[in-house]
Participant: 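Please read through the structure below; I'll follow up with questions.
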Amino acid sequence: MATTRQAHTVWEGDLLKGSGVVTFDSSGIAEQPVSWASRAEQANGKTSPEELIAAAHSSCFSMALSNGLAKAGTPPTKLTTQADVTLVPGTGITGVHITVVGEVEGLDEASFVKAAEDAKANCPVSQALAGTSITLTASLA
């Protein structure tokens, strides 16, 4: 069964001086302010499209890796995943780097890395971001 999630942004002003608010309609989590300065310079308590992509990618990847490990008979105790999304103003998003550290009973490092590579290739957010470079660092705790 397909699901659809919704968010919307209200933006006021031009790109450089304007700002907006992102509303997470489906979950109802707190609204988040966004601006060009928070995107291209310092966050200063505001979010950016790249941070939102990083959140989506790190959570999707964690779910895919957890599922793959469980299906292989080695469910994880814990996965800590960070996604770093790089924006070059004037060029766009130039890459995503995923770093994952796992606690998985009875699994060696090489098998964990292989499972992480599979999750990187097959999680829906990775597939949606296929137009950019996605790299991975995976290790056991």
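This structure is a prediction, so every number in the text was calculated from the model and none was measured.
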Participant: For a quick test of reading the model, state the closest non-hydrogen atom pair linking Ser126 to Ala119 and the distance between them.
Facilitator: OG-O, 4.4 Å
Participant: Would you mind reporting whether Glu51 and Val85 have side-chain heavy atoms less than 4.5 Å apart?
Facilitator: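 Not in contact.
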Participant: Which atoms form the tightest heavy-atom contact between Ala116 and Ala138, and what is the distance?
Facilitator: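 Scanning both residues, the minimum pair turns out to be CB-CB, 3.7 Å.
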Participant: Any heavy-atom pair between the side chains of Asn67 and Met63 that's under 4.5 Å?
Facilitator: no
Participant: Can you find a heavy atom in the side chain of Phe61 that is under 4.5 Å from one in the side chain of Leu79?
Facilitator: no
Participant: Out of curiosity, Thr99 OG1 to Gln82 CD, how far, rounded to the nearest 0.5 Å?
Facilitator: 5.5 Å
Participant: Same hydrophobic cluster for Leu136 and Leu65, using side-chain heavy-atom links shorter than 4.5 Å among ILVMFWY?
Facilitator: yes
Participant: Look up atom SG in Cys60 and atom CD1 in Ile53, then write down how far apart they are to the nearest 0.5 Å.
Facilitator: 13.0 Å
Participant: Which heavy atom of Asp14 sits nearest to which heavy atom of Lys17, and what is that distance?
Facilitator: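 It is OD1-N, 2.7 Å.
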Participant: Would you mind reporting whether Cys123 and His57 have side-chain heavy atoms less than 4.5 Å apart?
Facilitator: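 Sidechains of Cys123 and His57: in contact.
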Participant: Applying a strict under-4.5 Å side-chain criterion to I, L, V, M, F, W and Y, I'd like to know whether Trp11 and Leu87 cluster together.
Facilitator: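 Looking at the clustering, Leu87 is in a separate group from Trp11.
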Participant: Side chains of Lys46 and Val34, heavy atoms from C-beta outward: is any pair under 4.5 Å?
Facilitator: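 In short, these two side chains do not touch, never coming nearer than 4.5 Å.
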Participant: Linking Ile, Leu, Val, Met, Phe, Trp and Tyr by side-chain heavy atoms under 4.5 Å, what else ends up with Leu15?
Facilitator: Leu16, Trp36
Participant: Roughly how far, to the nearest 0.5 Å, is the OG1 atom of Thr135 from the CD1 atom of Ile98?
Facilitator: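 If I round to the nearest 0.5 Å, the distance is 8.0 Å.
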Participant: For Ser58 and Ala55, which heavy atoms make the closest approach, and how far apart are they?
Facilitator: OG-O, 3.3 Å
Participant: Between Thr4 and Ser26, what is the shortest heavy-atom contact and its length?
Facilitator: O-OG, 4.4 Å
Participant: Rounded to the nearest 0.5 Å, how far does NZ of Lys114 lie from CG of Asp108?
Facilitator: 11.5 Å
Participant: Taking only residues two or more places apart in sequence, or in another chain, which ones meet Ser139 in a side chain to side chain contact (heavy atoms under 4.5 Å, CB included)?
Facilitator: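 If we apply the side chain to side chain contact (heavy atoms under 4.5 Å, CB included) test to Ser139, skipping adjacent residues, the hits are Val101, Glu109.
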Participant: Do other residues, nucleotides or ligands put more than 12 heavy atoms under 6.0 Å from Glu105 CD?
Facilitator: no
Participant: Can you tell me how far the CG atom of Leu107 sits from the CG atom of Leu140, to the nearest 0.5 Å?
Facilitator: 6.0 Å
Participant: If I take atom CD1 from residue Ile134 and atom NE2 from residue His97, how far apart are they, to the nearest 0.5 angstrom?
Facilitator: 12.0 Å
Participant: Please name all residues satisfying salt bridge (Lys or Arg N to Asp or Glu O under 4.0 Å) with Lys120, sequence neighbours left out, ordered by chain then number.
Facilitator: Glu117
Participant: If you look at every heavy atom in Ser38 and Ser48, which pair is closest and at what distance?
Facilitator: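 Answer, listing the atom of Ser38 first, then Ser48: O-CB, 4.1 Å.
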